[in-house]
Amino acid sequence: MLLIRCPWCGERAETEFSCGGEAGITRPTDPDALSDAEWADYLFMRKNPRGAHKELWNHSQGCRRWFGVERDTVTYKIAGSYPLSSGNAYSGSE
Ligand SMILES: [Zn+2]
């Protein structure tokens, strides 16, 4: 079981959290200017890298807040977590 550090509640079991997928995806400023393929890329295409990956997590069984986590998809090791308002600064390392 993964232990995930919520920036507000501290380290908790993975079962208290829900993963929201890849972090850092920005909604296009002018969606009408996009082709159908570009819009589909925005909606559905994700990087799914092997190695370091930034993800959104929600502490759904705790404070219910969203935050970012950098996790290695091969080793599952979590490099750190950060509140989304911080931009990308880790609140603690493991
Ligand atoms: Zn929390």
Side-chain angles (χ1 to χ4, degrees):
M1 176 182 302
L2 281 175
L3 291 176
I4 299 172
R5 181 180 305 278
C6 171
W8 298 276
C9 306
E11 199 168 74
R12 299 285 198 273
E14 171 189 3
T15 55
E16 292 189 15
F17 297 88
S18 301
C19 185
E22 184 178 327
I25 297 172
T26 306
R27 183 180 173 88
T29 55
D30 186 9
D32 292 333
L34 300 179
S35 68
D36 288 346
E38 290 169 329
W39 183 247
D41 280 350
Y42 161 69
L43 290 177
F44 304 114
M45 300 305 289
R46 300 297 180 255
K47 293 177 184 165
N48 196 23
R50 180 176 171 85
H53 186 229
K54 291 182 180 170
E55 303 170 327
L56 297 173
W57 284 81
N58 180 269
H59 194 183
S60 53
Q61 301 298 313
C63 65
R64 304 179 63 91
R65 295 168 111 175
W66 286 94
F67 59 97
V69 170
E70 183 169 329
R71 180 178 66 87
D72 189 301
T73 59
V74 176
T75 64
Y76 294 97
K77 182 169 175 44
I78 294 175
S81 60
Y82 53 93
L84 297 178
S85 59
S86 74
N88 190 2
Y90 297 134
S91 62
S93 61
E94 298 176 10

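- In this structure, the side chains of Lys77 and Arg71 stay at 4.5 Å or more apart for every pair of heavy atoms.
- Cluster membership check: Tyr76 shares its hydrophobic cluster with Phe67, using side-chain heavy-atom separations under 4.5 Å among Ile, Leu, Val, Met, Phe, Trp and Tyr.
- Residues Arg50 and Thr73 come closest through the heavy atom pair CA-OG1, 3.5 Å.
- Going from atom CZ of Phe17 over to atom OG of Ser60 covers 8.0 Å, rounded to the nearest 0.5 Å.
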Test side-chain contact (heavy atoms from CB on, under 4.5 Å) on Lys54 and Glu22 and set out the steps.
-> CA-CA 6 Å; Lys54 291 182 180 170; Glu22 184 178 327; over 6 Å; no
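- Thr15 places a side-chain heavy atom less than 4.5 Å from the side chain of Met1.
- The neighbour count for Arg46 CZ, taken as heavy atoms of other residues, nucleotides or ligands under 6.0 Å away, is above 12.
- Hydrophobic cluster membership differs between Leu84 and Ile25, with clusters built from Ile, Leu, Val, Met, Phe, Trp and Tyr side chains linked at under 4.5 angstrom.
- The two residues Thr75 and Asp72 come nearest to each other via the heavy atoms N-OD1, 3.1 Å.
- Residues His59 and Glu16 have side chains that bring a donor and an acceptor to within less than 3.5 angstrom of each other.
- Here the straight-line distance linking atom CE of Met45 with atom CD of Glu38 works out to 13.5 Å at 0.5 Å rounding.
- For the pair Arg12 (side chain) and Cys9 (backbone), a donor-acceptor distance under 3.5 Å is present.
- In this structure, Arg65 contributes its side chain and Gly62 its backbone to no donor-acceptor pair below 3.5 Å.
- Under the side-chain contact (heavy atoms from CB on, under 4.5 Å) criterion, Thr26 pairs with no residue at all, not counting sequence neighbours.
- We find the CD1-CD distance between Ile4 and Glu55 to be 8.5 Å, quoted to the nearest 0.5 Å.
- Atom CD1 of Ile78 sits about 8.5 Å away from atom CD of Glu11, to the nearest 0.5 Å.
- Cys6 SG to Asn58 CG: the interatomic distance, rounded to the nearest 0.5 Å, is 9.0 Å.
- A heavy-atom distance below 4.5 Å is found between the side chains of Pro31 and Trp39.
- In terms of modelled atom types and a separation under 3.5 Å, the side chain of Ser81 and the main chain of Val69 share no donor-acceptor contact.
- Distance CG/Leu43 to CG/Leu34: 9.5 Å, rounded to 0.5 Å.
- In this structure, Trp8 and Pro83 have side chains that are in contact, with non-hydrogen atoms separated by less than 4.5 Å.
- For Tyr82 against Ala23, the heavy-atom pair with the smallest separation is OH-CB, 4.4 Å.
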